[in-house]
Structures are given as structure tokens and as C-alpha cells.
Number of protein chains: 2
Amino acid sequence: MTAPLVTILDDEPEIRLMLAEALEDAGFRTMSFGRAREFEAALQKTTPDVCLVDLSLPDRDGLTLVHRLALEQGAIVIIISGRAQVQDRVTGLELGADDYIIKPFEPAEVVARIRARLRKDRAVAPTSNTASFNGWVAHFDRYALEDESGTETTFSHAEGEVLRLFLDNPKRLISRNQMQEQLGGAAGESFDRAMDVRISRLRTKLQEDPKNPQLIKTIYGAGYIFLGEVIWS
Amino acid sequence: MTAPLVTILDDEPEIRLMLAEALEDAGFRTMSFGRAREFEAALQKTTPDVCLVDLSLPDRDGLTLVHRLALEQGAIVIIISGRAQVQDRVTGLELGADDYIIKPFEPAEVVARIRARLRKDRAVAPTSNTASFNGWVAHFDRYALEDESGTETTFSHAEGEVLRLFLDNPKRLISRNQMQEQLGGAAGESFDRAMDVRISRLRTKLQEDPKNPQLIKTIYGAGYIFLGEVIWS
DNA sequence: CTGAAACCTAACGAATTGTAACAAGCGCCT
DNA sequence: AGGCGCTTGTTACAATTCGTTAGGTTTCAG
């Protein structure tokens with residue numbers, strides 16, 4: 001498992017540097033951005049595990065960014081802000097942020113808070129072969145998908161790979177590139193529509209209405225996102 | 001699903017009361033304790049979802065308690081402390097606490113922080129994906145717009161982005177620049193009328209009379225403004 | 001009132017996505 | 001071997017998305 005990736009979004013270069021240094025010393029990978037545009041462009045390529053977002057500059061727009069990050073990227077979102085009002089903190093947290101740190105701050109505390117979030121977030125049993133989500137239960141050990149009523153359908157290996165990728169990254173945008181990177185190990189450079197077909201087949205197994213898929217959503221031009229409350233057990 | 005149980009461990013009765021009241025107003029169940037012994041006795045009977053722990057406890061070293069709570073109970077542990085040193089915070093977090101709140105604090109912030117933890121941890125309170133406004137209900141999780149009569153239309157991702165931007169900033173002027181900054185991430189530098197077309201399409205979905213739009217108003221030369229009473233839920 | 005700028009939107013089309021149908025590969029049984 | 005069934009990539013075509021264009025309408029300064 002590679003080190004968690006932390007993105008830093010702040011308009012002040014010194015702060016970016018300070019954070020990046022502290023985080024890298026702590027063993028994280030980092031990417032820094034001075035502007036929201038660049039940051040969002042980068043999100044098309046990679047999905048960070050933790051996003052540090054400075055809220056001072058874009059005032060209100062930053063909050064919608066936070067909202068979207070928490071929703072679509074499923075990342076841990078930590079707001080860093082000079083605005084110290086309680087109301088700011090409350091709304092920030094309610095919009096989906098996982099923590100709210102006030103400037104000026106100590107890098108050591110930022111690191112500790114990130115670690116605390118990651119610890120809790122990753123505290124899932126990694127060796128588990130069973131996950132439940134939205135009325136379904138997936139048994140990866142016997143390639144079976146269990147209905148709400150208890151009836152089971154089997155799924156194939158390829159379908160299971162995709163399903164597991166989704167269940168491991170719920171509420172996170174997954175691009176086709178990332179999928180092929182994760183799953184295409186065997187097939188190598190298949191540039192075609194294979195992934196779409198896999199998704200399509202998985203969708204029918206999950207009895208998704210093609211017009212309104214509830215679980216596997218397509219984001220035009222970007223990839224897929226799995227919505228659903230996953231519990232590994 | 002029952003309400004999450006929050007335990008409060010603090011030796012000052014006023015603080016216990018203040019917290020309990022705020023938490024119960026927010027819909028949590030609470031149990032308060034003045035001493036670690038009582039608290040630990042209660043742990044034999046019930047397993048709380050969240051533990052608020054005052055670290056300046058008289059009769060026991062709080063940090064070992066925190067450590068044990070986090071490790072053995074798997075509960076969410078939030079330290080409340082008068083000790084404001086960075087080092088205190090870092091060691092507290094590193095010993096397994098999920099958050100560290102400094103006295104004096106606002107109850108509202110405590111509630112918000114608890115909610116943020118629960119949201120991430122057990123998906124008890126997921127970030128809201130539904131907003132209602134002026135007879136409409138927008139379901140962002142399934143890309144659907146619900147009529148007053150309950151009939152639904154779907155909207156695309158791009159339309160949803162615009163709609164969410166409006167619903168996040170009601171009664172606020174939004175310039176084209178701001179829009180492209182927020183939404184342009186997908187297609188890079190798009191000039192011209194793209195945003196107008198998005199708005200136009202959204203307007204037809206909202207059945208706006210083109211001559212007299214009620215919800216999305218154009219401010220000539222400045223941008224758009226969304227009028228409407230938004231309630232996120 | 002007049003003209004230019006801003007805005008609206010129907011229509012077009014390139015890019016993207018969904019999926020049915022086909023085919024190749026594999027294991028298994030007779 | 002031959003046939004059957006299952007898996008899975010490929011192809012082809014239909015559907016959708018969404019920016020662009022173009023022409024019409026609205027707004028506003030002078």
C-alpha cells in the first residue's frame with residue numbers, strides 16, 4: 001500500500017511549503033495547488049486521500065468546493081481557515097468537512113489530525129470477504145450477490161473485480177484510467193469499451209434502472225462513482 | 001435506527017449539563033458522568049458511539065482512558081481539555097482520540113464535530129443530497145428533480161452542477177466568472193455561451209416561464225441570482 | 001428612439017456512454 | 001473430438017451529453 005496522498009490548496013506559497021514539508025516528513029505524498037482551478041483539474045487524474053483546503057480566499061465558493069469534494073471524491077476534507085467564528089466552523093463541518101483548523105496552526109497538529117482521520121477511516125478489516133450495501137450482500141469468497149430477500153445470484157471474476165473496486169472506494173470518483181490500472185493488470189493495454197461493458201453487466205446484476213442508476217453513477221467525461229453505504233464485515 | 005449514544009465525562013456539572021442539553025437538542029442520546037470510575041462501570045453495560053472526555057480529570061489519568069476507549073471500544077473519542085498546548089493536542093490525537101476540543105468551547109461546534117465524525121465513520125448522517133425549494137425537491141443522489149405532484153424528471157451532471165451551485169448560494173448574485181471557476185473543471189476553458197445554455201436547459205427543467213423566470217433571474221451585465229427558499233435535508 | 005451589447009435558445013455535431021450481438025477462449029461432460 | 005455453457009473482450013449502433021453556432025430577443029446608454 002502506497003503512502004496516502006494529501007493535497008494542499010492554499011494561495012500562500014509559504015504555507016503550502018510548510019505543510020508539504022511537514023507532511024512529507026511524516027511519510028505522506030503531497031501535491032500543492034495555489035488555485036482552485038488547478039486543483040480541480042488535477043482531480044480529474046488522481047483522487048487524493050486527504051484534501052487540505054484553505055477557505056480564506058474564495059470566501060463562499062470554497063464551501064461548495066468542500067461540499068463537492070466530500071460528496072464526489074469521498075476524500076477526507078480538512079478546512080484550514082483564518083475565519084475563527086464558531087458559525088464558520090459549524091457550517092464548514094456541516095457541509096461535509098471532516099475537520100476545521102484555524103490559522104495560525106502548528107504543522108505537527110495538522111499531521112496528528114490527518115493521522116487521526118486516516119486511522120479511523122481505514123479501520124476496516126482488510127481481509128474481509130463480505131460487504132453489505134443498500135440491501136445487498138456481496139460474498140467475494142463464493143462469488144455471490146445476496147438479495148434483500150436472501151436469494152443469491154453469482155457474479156463472475158471480472159464483475160467481482162469491478163464491484164470490489166467500487167466497494168473499496170465508495171462515494172469516490174473513479175476514472176476509467178484508474179479502473180484499468182487497478183483491474184487491467186492481466187489484460188494490459190485494452191483501450192476499448194471493455195470497462196463500460198463490465199459496468200453495464202454489473203449494473204444489470206444489481207438490478208439498476210438504466211435510466212436512473214442508484215448505485216453506480218456515470219459522470220460524463222470523468223468516470224464512475226459508487227454511491228452506497230458500504231459495511232465490510 | 002436509534003439515535004447515537006454520546007457519553008459525557010467531565011467533573012464540572014455545568015459543563016455536563018450544557019453539553020447534554022445541546023446534544024439532546026441535536027437528537028442524540030446522552031449519558032453523563034462526573035468520575036472515571038462511574039463511567040467505566042457504565043461501559044460494562046452499554047457501548048457508546050461517541051465519548052466526550054475531559055482530560056483534566058481529578059481521579060485518573062485521562063490519557064490512558066482515551067487510549068483504552070479508542071482501542072477496545074472502537075468508539076469515537078473526543079477530548080475536551082483546558083490544556084491548549086500543541087503538544088497536548090498532538091499526543092492526545094496520537095493516543096487514539098478522534099478530535100481535541102479546547103475549553104472554552106461552543107456546544108454548537110461540539111455537535112458539528114460529532115456529526116462530522118459519525119458521518120464519516122458509520123454513515124449515520126451522510127452529507128445531504130436532497131434540497132427542497134419552492135415546491136421542487138432536488139435529489140442529487142439520483143439526478144432527479146421532483147415535482148410538487150411527485151413526478152420526477154432527471155437532470156444531467158452538468159445541469160446538476162449548476163443547480164447545486166444555486167442551491168448552495170441562494171439569493172446571492174453569481175457571476176459568470178464564478179460559475180466557470182466552480183464548474184469549468186470538467187471542460188477546461190470554455191468560452192462563450194456555454195453557461196447560458198446550461199442555465200437555459202435548467203430553466204426549462206424547472207418549467208420556468210422564459211419571459212418571467214421566478215427562480216433563476218438574470219441580472220443584465222452581472223450574472224444570475226437564484227431566488228427561492230432552499231432547505232437542505 | 002437607436003444601436004450595440006448582453007442574453008436566450010433552437011439546432012447541430014463531436015465526444016462520450018450504454019448495450020445487444022457476436023466471437024474467441026476455456027473448462028467440462030459424454 | 002465434439003458439444004455445451006460460461007466468461008469476457010470486441011464491434012456496431014443507438015442514445016445521451018454538452019459545447020458551439022447562429023439568429024432572434026431583450027436591455028440599456030445616449
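Please read these numbers as outputs of a predicted model, since none were measured by experiment. Within every chain, numbering begins at 1; the chains are lettered A, B, ... in the order of the sequence lines, protein sequences first and strands thereafter.
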Chemist: Output one letter per nucleotide in nucleotides 22-30 of chain D: B when a protein non-hydrogen atom lies under 4.0 Å from the base, S when only the sugar-phosphate is that close, - when neither is.
Modeler: B--SSBS--

Chemist: Could you please name the option among dT8(D), dC7(C), dT20(D) that lies closest to any side-chain atom of Ala158(A)?
Modeler: dT8(D)

Chemist: How many Å lie between CZ on Arg203(A) and C1' on dA20(C), as a whole number?
Modeler: 16 Å

Chemist: It should be established whether Arg198(A) places a side-chain nitrogen or oxygen under 4.0 Å from OP1 or OP2 of nucleotide dG9(D).
Modeler: yes

Chemist: Hey, is the side chain of Arg176(B) poking within less than 4.0 Å of OP1 or OP2 on dA6(C), counting only N and O atoms?
Modeler: no

Chemist: To the nearest 0.5 Å, tell me how far Gln214(A) CD sits from His139(B) NE2.
Modeler: 10.5 Å

Chemist: Sequence neighbours excluded, which residues qualify as side-chain contact (heavy atoms from CB on, under 4.5 Å) partners of Glu38(A)?
Modeler: Phe33(A), Arg35(A)

Chemist: For the side chain of Val197(B), counting heavy atoms from C-beta on, which of dC8(C), dT10(D), dT20(D) is nearest?
Modeler: dT20(D)

Chemist: Would you kindly check whether a donor in the side chain of Arg201(B) faces an acceptor in the base of dG19(D), or vice versa, at under 3.5 angstrom?
Modeler: yes

Chemist: Side chain of His157(B) only, please: which of dC18(D), dT17(C), dT20(D) is the nearest?
Modeler: dC18(D)

Chemist: Find the distance Met195(A):CE to dT19(C):P and express it as a whole number of Å.
Modeler: 16 Å

Chemist: Out of Asp98(A), Asp49(A), Asp99(A), which residue meets the salt bridge (Lys or Arg N to Asp or Glu O under 4.0 Å) rule with Arg117(A)?
Modeler: Asp99(A)

Chemist: For Arg198(A), which of Glu161(A), Met179(A), Arg193(A) qualifies under side-chain contact (heavy atoms from CB on, under 4.5 Å)?
Modeler: Glu161(A)

Chemist: Picking from dC18(D), dC8(C), dT17(C), which would you name as closest to the side chain of Ser156(B)?
Modeler: dC18(D)

Chemist: Should Tyr224(B) be listed as having a side-chain N or O under 4.0 Å from OP1 or OP2 of dC8(C)?
Modeler: yes

Chemist: Over 60° means perpendicular and under 30° means parallel, so classify the ring planes of Phe166(A) and Phe226(A), tilted if in between.
Modeler: parallel

Chemist: Could you work out which one of dG18(C), dC7(C), dT20(D) sits closest to the side chain of Thr218(B)?
Modeler: dC7(C)

Chemist: For Glu152(B), enumerate each residue passing the side-chain hydrogen bond (donor to acceptor under 3.5 Å, both in side chains) test, keeping only those at least two apart in sequence or located in another chain.
Modeler: Arg142(B)

